Amino acid sequence: MAEKITPRSVDYSQWYIDIILNAKLADYSPVKGCMVIRPRGFSIWERLRDELDRRFKETGHENCYFPLFIPESYLKKEAEHVEGFSPELAVVTHAGGEELDEPLVVRPTSDTIIWSIYKNWIQSWRDLPLLYNQWANVVRWEKRTRLFLRTTEFLWQEGHTAHETKAQAVEETERMLEVYRKFAEEYLCIPVIAGKKSDAEKFAGAVDTYSIEAMMQDKKALQAGTSHFLGQNFAKAFDVQFQSRDGGLEYVWATSWGASTRLVGAIIMTHSDDKGLVLPPTLAREEMVVVPIFKTENKAEVLTYAEGVVKALKADGRRVAFDGDDSTKPGWKFAEWEMRGVPIRVEAGPKDMADGNVVMVRRDTGEKQVVKAAEATAKARELLAAIQENLREKARAFRIANTKRVMDYNEILVFFGKETAGTGDAPGGFADGLWCGGRDCEAKLKADLKVTIRNMPADLQHDTSGVCCLCGQPAKHRAIFARSY
RNA sequence: CGGGCAGUAGCGCAGGGGUAGCGCGCUUGGUUCGGGACCAAGAGGUCGUGGGUUCAAUUCCCACUUGCCCGACCA
C-alpha cells in the first residue's frame with residue numbers, strides 16, 4: 001500500500017494535513033473554513049480543556065456563559081476593538097423571517113457583551129475581583145484557514161476579570177500567562193517563551209498583550225495562548241465604575257486571557273513524525289494498545305493471555321485499547337496505532353506467552369523491550385513518564401538548537417535567508433536580539449523577510465544594553481523575531 | 001479578497017458528447033497471522049451544485065461552491 005503520510009521533508013503543510021485526516025482528528029465541512037472535529041481529535045481537546053479548567057479553578061476562577069449573539073452597537077463602543085475585529089465579523093441581519101432592527105454579531109470574542117453585564121454586577125470594591133471564565137465557540141471570518149490553526153469557527157476559553165487596582169489587574173494578567181506557560185510545558189510538553197507583545201501585535205483594545213510562543217518543527221512560531229491587561233479601556237467604554245474604599249468612584253481594571261483549539265494544532269506540529277501522530281501520554285485517549293498476535297490454532301489461548309494483560313493494566317489505572325480484530329494482520333495494526341499516536345504498544349504473541357512476557361514498544365523512540373507480564377504495569381508507568389519527559393525535552397532541544405542570538409541586520413538576513421523568504425526552504429527559527437521599540441523597524445522586518453516580533457521574553461529584559469539589531473539605535477527591549485502561523 | 005491547481009465509488013486516480021472504469025479499501029466465505037497477507041464471490045456512483053448549448057452533457061460554455069498552494073489581510 002502507498003504511503004499515507006507525506007514526509008515532512010517533502011511538504012510540511014501536506015504532512016500536517018495528512019496526519020489530521022489519517023489519524024481521524026478532524027475533517028472538512030461544507031462550510032468554508034469550518035472544520036468537523038472527530039472523536040479522536042475532540043478527545044485531545046477534552047483532555048487539555050479539563051486540565052486547563054482545573055488550573056483556572058485552582059487560581060480562583062469560576063465558569064459562566066454569555067450569549068453567542070452580540071448587538072452590533074456593543075462592538076462599536078470600544079474604538080480600537082471594533083476597528084480590529086470589523087473585517088472578520090459574521091453578522092445576523094434576519095431572524096424569525098424578518099429583518100432585525102439591530103443586526104446581531106456572532107461573537108468574535110465576548111469582551112463587549114461581558115462588560116455590558118459586568119456594569120450591573122459591579123458597584124462596590126467589595127464586588128471585586130470578579131474572576132470569571134467561559135468556554136465557548138467564536139467566529140472570525142478568516143480569509144485563509146488551516147485545520148485547527150486558523151478556522152472560521154473555533155472553540156476556546158476566554159477569561160474576563162475585573163479588579164480594584166491596576167496592580168491587581170497586571171498581577172492577574174501575569175498570573176494567567178504563567179498558568180498557560182506551565183500548562184503548555186507540563187501537560188502538552190510544548191516549551192514556550194512567555195513575554196509581552198509589541199504594540200503592533202497586541203489585542204484590539206488592550207493596553208498590553210502577553211503571549212506564549214512555541215516553535216513548530218518547521219521552525220515557525222505559533223502563539224499558543226494570550227493574556228491581556230486591558231487597563232480601564234472596557235470599563236470606560238461600558239461605564240463600569242465602583243465605589244472605592246475611600247468612597248470615591250473609580251473605573252475598574254480589567255484583564256482577559258484565552259487559549260483555543262489551535263493548541264491541538266500546536267500539539268500535532270510539535271511532536272508528530274512521518275509515521276503519524278505522536279501524543280504526550282497526558283493527552284492520549286489510549287495510553288497504550290495491546291495487540292495480540294495469534295494463528296487460528298492458538299487464537300483462544302493468546303487472546304486469553306493478552307486480555308489478562310489488558311485487565312492488569314486497566315486495574316492499575318491505565319487507559320488501554322485492545323485490538324483483537326482478526327481481519328487485519330499485526331503489521332497493519334502496528335502502523336495504524338502508530339498513526340493514531342498511541343504512546344505505547346504492547347505485543348502479546350505465542351512466544352511471549354510461552355515465556356510469560358510481553359513486548360513493549362515506545363511510540364516516541366520506536367524502542368522495543370521484552371518485559372515480564374507481571375511487571376508490565378510498573379513498566380508502563382515508567383515508560384509513560386519517560387515518554388512525557390522525552391517529548392518535552394526533545395521539543396526544548398529543537399527550539400534551543402534553532403534559536404540564535406543576533407546582533408545586527410546582516411545576521412538577521414543570513415539567519416532568515418532573504419532570498420528564500422516565504423518558501424518552505426527558508427532557514428530560520430527564533431532570532432533573539434535587541435530592539436529599539438520602533439514601529440518602523442518592525443514594519444521593515446516584516447516587509448523584507450515576513451518576520452515579526454513574537455514577543456519580548458520577560459526573563460531576558462534585564463539585559464537590554466546595546467543597540468537595536470535592526471537599525472543600530474539604542475535598544476529598549478530584548479525580542480524574539482520569527483516567522484509565524 | 002487577487003493569482004494558480006483541483007473536485008468522477010470510502011481513499012487515490014484514469015477516462016470521455018451516446019447505459020461509468022482501475023487500484024486500494026469495504027461485505028461474505030476460506031486460507032493466513034511477530035512490521036501494512038492471499039484466493040474466490042459481491043456491494044457501492046444523481047461524475048461538487050445550479051443554469052445554458054445539444055436529439056442527447058459526467059464530458060462543451062457560464063455562474064456558484066469546497067479544498068490545496070502563492071499573495072494581500074489578520075487574533
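Sequence lines set the chain letters: A, B, ... in the order given, protein chains first and strands last, and positions in each chain run from 1. Computed from heavy atoms alone, side chains included, the values below leave out hydrogens, waters and symmetry copies. Everything numeric here is computed off the predicted structure, so don't read it as measured data.
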**Interatomic distance at P, B:rG12 relative to B:rA6, whole Å** = 15 Å
**Electrostatic pair A:Arg363:A:Asp273 at N-O distance under 4.0 angstrom** = yes
**Asked** Nearest heavy-atom pair of A:Asp432 and A:Arg478: which atoms, and what distance?
**Response** OD1-NE, 2.7 Å
**Prompt:** Is it the case that A:Arg483 places NZ or CZ above or below the six-membered ring of A:Phe416, under 6.0 angstrom from the centre and within 45 degrees of the axis?
**Reply:** no
**Message:** If I pick the C1' atom on B:rC11 and the same atom on B:rC26, what distance separates them, to the nearest angstrom?
**Reply:** 11 Å
**Prompt:** How would RNA chain B look in dot-bracket form, 5' to 3', counting Watson-Crick and G-U wobble pairs with both distances under 3.5 Å and writing | for bases paired to another strand?
**Reply:** (((((((..((((....[..)))).((((((.....)))))).....(((((..]....))))))))))))....
**Item:** P gap between B:rG71 and B:rG15, integer Å
**Value:** 31 Å
**Whichever of A:Asp352 and A:Arg150 has its nearest RNA chain B nucleotide further upstream toward 5'** = A:Asp352
**Message:** Closer than 4.0 angstrom, basic N to acidic O: yes or no for A:Arg144 and A:Glu142?
**Reply:** no
**Prompt:** Would A:Val252 and A:His163 count as a side-chain contact (heavy atoms from CB on, under 4.5 Å) if you check the C-alpha gap in whole Å, the side-chain angles of each, and the deciding distance to 0.1 Å?
**Reply:** CA-CA 6 Å; A:Val252 301; A:His163 305 265; over 6 Å; no
**Asked** Is the CD atom of A:Glu301 crowded by more than 12 outside heavy atoms at less than 6.0 Å?
**Response** yes
**Request:** Would you mind checking if A:Lys182 and A:Glu178 are paired as a salt bridge, meaning a charged N to carboxylate O distance below 4.0 Å?
**Result:** no
**Message:** A quick test of your reading: do over 12 heavy atoms of other residues, nucleotides or ligands sit less than 6.0 Å from CG of A:Asp50?
**Reply:** yes
**Request:** Record whether the side chain of A:Arg144 comes under 3.5 Å of the base of B:rC73 through a donor-acceptor pair of N or O atoms.
**Result:** no
**Prompt:** With a non-hydrogen cut-off below 4.0 angstrom, is A:Glu336 in contact with a base, only sugar-phosphate, or nothing?
**Reply:** base
**Message:** As a quick check of understanding, evaluate ring-ring contact (aromatic ring centres under 6.0 Å, His included) for A:Phe203 and A:His81, giving each step before the final call.
**Reply:** CA-CA 8 Å; A:Phe203 176 69; A:His81 193 69; 5.8 Å; yes
**Prompt:** Where along residues 287-305 of chain A does a heavy atom come under 4.0 Å from RNA chain B, residue by residue in number order?
**Reply:** A:Ile293, A:Phe294, A:Lys295, A:Thr296
**Request:** Name the nucleic acid region contacted by A:Glu347, choosing base, sugar-phosphate or nothing; use a 4.0 angstrom heavy-atom cut-off, strictly under.
**Result:** base
**Complete:** Once base and sugar-phosphate atoms are separated, protein heavy atoms under 4.0 Å mark nucleotides 63-68 of chain B, 5' to 3', with B, S and - as ---SSS
**Prompt:** Going by an N to O cut-off under 4.0 Å, is there a salt bridge joining A:Arg439 and A:Glu442?
**Reply:** no
**Asked** When the distance from CD1 of A:Ile5 to C1' of B:rG35 is rounded to whole Å, what number comes out?
**Response** 16 Å
Taking N or O atoms only and anything under 3.5 Å, show me the protein contacts with nucleotides 6-12 of chain B, one pair per line.
none

**Message:** Closer than 4.0 angstrom, basic N to acidic O: yes or no for A:Glu307 and A:Lys311?
**Reply:** no
**Message:** Rounding to an integer number of angstrom, what distance separates B:rC73 and B:rC60 when you compare their P atoms?
**Reply:** 38 Å
**Request:** Measure the distance from CG on A:Asn22 to P on B:rG36 and round it to the nearest whole Å.
**Result:** 18 Å
**Asked** Heavy atoms under 4.0 Å, any strand shown: does A:Thr109 hit a base, just sugar-phosphate, or nothing?
**Response** nothing
**For A:Ile193, the option from A:Arg399, A:Arg454, A:Met456, A:Met215 that meets side-chain contact (heavy atoms from CB on, under 4.5 Å)** = A:Arg399
**Prompt:** Which is true for A:Pro108 with a 4.0 Å heavy-atom rule: it touches a base, it touches only sugar-phosphate, or it touches nothing?
**Reply:** nothing
**Complete:** Expected list for residues 78-87 of chain A near RNA chain B, using heavy atoms below 4.0 Å, is A:Phe85
**Prompt:** Can A:Glu286 and A:Arg40 be counted as an ion pair, charged N to O under 4.0 angstrom?
**Reply:** yes
**Message:** Rounding to an integer number of Å, can you tell me how far A:Lys143 NZ sits from B:rC70 P?
**Reply:** 18 Å
**Prompt:** How many Å lie between CG on A:Asp326 and P on B:rG36, as a whole number?
**Reply:** 18 Å
**Request:** Nearest whole angstrom, please: distance from the C1' of B:rC73 to the CZ of A:Arg140.
**Result:** 15 Å
**Given RNA chain B, 5'-ward residue of the pair A:Gly349 and A:Asp11, judged by closest heavy atom** = A:Gly349
**Request:** Could you tell me the separation between the CD atom of A:Glu442 and the C1' atom of B:rC74, rounded to a whole number of Å?
**Result:** 14 Å
**Asked** Stepwise, does the salt bridge (charged side-chain N to carboxylate O under 4.0 Å, His left out) test hold for A:Glu172 with A:Arg175?
**Response** CA-CA 5 Å; A:Glu172 167 78 359; A:Arg175 177 185 305 117; 2.6 Å; yes
**Prompt:** For A:Lys368, which contact category applies under a 4.0 Å heavy-atom criterion: base, sugar-phosphate, or nothing?
**Reply:** base
**Prompt:** How far, in whole Å, is B:rG50 from B:rG36 if one measures between their C1' atoms?
**Reply:** 43 Å
**Complete:** When rounded to whole Å, the CZ to P distance for the pair A:Phe334 and B:rA37 reads 11 Å
**Message:** With a 4.0 Å cut-off on N to O distance, would you call A:Asp364 and A:Arg362 a salt bridge?
**Reply:** yes
**Asked** Could you give all pairs that pass the ring-ring contact (aromatic ring centres under 6.0 Å, His included) test and reach residues 12-36 of chain A, with sequence neighbours left out?
**Response** A:Tyr12-A:Trp15
**Request:** Between B:rC38 and B:rU59, how far apart are the P atoms? Round to whole Å, please.
**Result:** 38 Å
**Request:** With C1' as the reference atom in both, quote the distance from B:rC13 to B:rG25 in angstrom, rounded to an integer.
**Result:** 14 Å
**Item:** Separation of the C1' atoms in B:rG4 and B:rC74, to the nearest angstrom
**Value:** 23 Å
**Asked** Are the charged groups of A:Lys197 and A:Glu213 less than 4.0 angstrom apart, N to O?
**Response** yes
**Prompt:** For A:Lys77, does the NZ atom sit with more than 12 other heavy atoms under 6.0 Å from it, leaving out its own atoms?
**Reply:** yes
**Asked** Any Lys/Arg nitrogen of A:Asp274 or A:Arg8 sitting under 4.0 Å from an Asp/Glu carboxylate oxygen of the other?
**Response** yes
**Contact under 4.0 Å: A:Lys329 side-chain N or O vs B:rG34 OP1/OP2** = yes
**Request:** Determine: side-chain N/O of A:Lys450 to OP1/OP2 of B:rA72, distance under 4.0 Å, yes or no.
**Result:** yes
**Message:** Between P on B:rC70 and CZ on A:Arg483, what's the gap in Å once rounded to a whole number?
**Reply:** 13 Å
**Request:** Please evaluate the base of B:rG36 for a donor-acceptor partner in the side chain of A:Glu338 within a cut-off of under 3.5 Å?
**Result:** no
